2 protein chains.
Amino acid sequence: MNLEQASRQLEALGNPTRLQIYRTLVRAGHAGLPVGGLQERIGIAASTLSHHLKRLVDTGLVTQERHATTLICRAHYPAMDALIGYLADECCADAACVASEAAAS
Amino acid sequence: MNLEQASRQLEALGNPTRLQIYRTLVRAGHAGLPVGGLQERIGIAASTLSHHLKRLVDTGLVTQERHATTLICRAHYPAMDALIGYLADECCADAACVASEAAAS
DNA sequence: TCCCTATTTCGACATTTATCGAAGAAAGCC
DNA sequence: GGCTTTCTTCGATAAATGTCGAAATAGGGA
């Protein structure tokens, strides 16, 4: 994970609509959700949703799988883990953060 | 931490220049860095740097302290901790993520 | 008081983004 | 082959963003 990649993933999550999409997918669990299901829950135009989903897929945070005409979307946890790891490394270059981490766990 | 706040912090970090600023501050450790020191290291116009710093400070990721005419900037670790915690909660609503977390540590 | 250094604010500009509705494409069913 | 359902692409538009240089401001020092 380098700065550029982290930045792109953070930017992808740094939009309220996209974060809501991601959050909804996480809550859907392993089963995932079709694009239409996301649209019902979130209530935006299908074209807008498709646009946001494309960005999440491009950054690797979401995966898609076809089932006939429906596209199942799933949160891709390894990408999130790597992102969290990168942020933790950034943060924990300083002792103060290590201490606060220890206190939190 | 709610979705809106997390989204604003993620957006703040989701710009390569701002992530580089934050990274530089983390590496500077507890001593922090004056705005001018950041400018030397990053090499952008002072006005642009000021603009980005304002956003980082507004979201709570960076703090500033005056020493005469110089402004010392520091990464504010508790904010990053809270953000990481939020992302981990998002991610770990599913068992697969808990497993991958355990494997990573 | 006048100046000096450090930083911010002010325009200005090009680029990117978010959003929508309408039209198009993919994948199957009658 | 037509029809349906699901999703994406296209075209358009308003708003936000990133960037710069020049001017203004803040805080002390001679």
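Basis for what follows: all heavy atoms, side chains included, without hydrogens, waters or symmetry-related copies. No experiment lies behind these values; they were computed from the predicted model shown. Convention: sequence-line order gives letters A, B, ...; per-chain numbering from 1.
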Per-nt protein contacts along nucleotides 3-9 of chain C (heavy atom under 4.0 Å; B base, S backbone sugar-phosphate only, - none) come out as --BSSBB

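- At whole-Å resolution of the value, NE2 in A/H52 and C1' in C/dT19 are 8 Å apart.
- Inter-residue side-chain proximity for A/Y86 and A/L3 is flagged as met; some heavy-atom pair is nearer than 4.5 Å.
- Residues B/L83 and B/Q5 have side chains not in contact (no heavy-atom distance under 4.5 Å, counting atoms from C-beta outward).
- Considering only side-chain N and O atoms, A/N15 lies under 4.0 angstrom from the phosphate OP1 or OP2 of C/dA18.
- If you measure from atom CG of A/L56 to atom P of C/dA18, you get 11 Å, rounded to the nearest angstrom.
- In this structure, A/L10 and A/L87 have side chains that are in contact, with non-hydrogen atoms separated by less than 4.5 Å.
- Note that the CG atom of A/L49 and the CZ atom of A/R41 stand 12.0 Å from one another [nearest 0.5 Å].
- Summarising the local packing, CD of A/E40 is surrounded by 12 or fewer heavy atoms from other residues, nucleotides or ligands at distances under 6.0 Å.
- Between the P atom of D/dT17 and the CZ atom of B/R8 lies a distance of 11 Å, rounded to the nearest Å.
- No side-chain heavy atom of B/R18 sits less than 4.5 Å from a side-chain heavy atom of B/L13.
- Going from atom CG of A/L33 over to atom P of D/dC7 covers 11 Å, rounded to whole Å.
- Between A/A68 and A/A45, it is A/A45 whose nearest contact on DNA chain C lies nearer the 5' terminus.
- Whole-Å rounding puts the A/I42 CD1 to C/dT19 C1' distance at 15 Å.
- Residue A/K54 is tested with A/V57, A/L56, A/D58 for a side-chain contact (heavy atoms from CB on, under 4.5 Å); the sole match is A/D58.
- As a whole-Å value, the separation of B/E11 CD from C/dT16 P is 17 Å.
- Contact check, B/R18 against D/dG18: a side-chain N or O comes under 4.0 Å of OP1 or OP2.
- For the pair A/Q20 CD and C/dA18 P, the computed distance is 14 Å after rounding to whole Å.
- Going from atom CZ of A/R55 over to atom P of D/dT9 covers 15 Å, rounded to whole Å.
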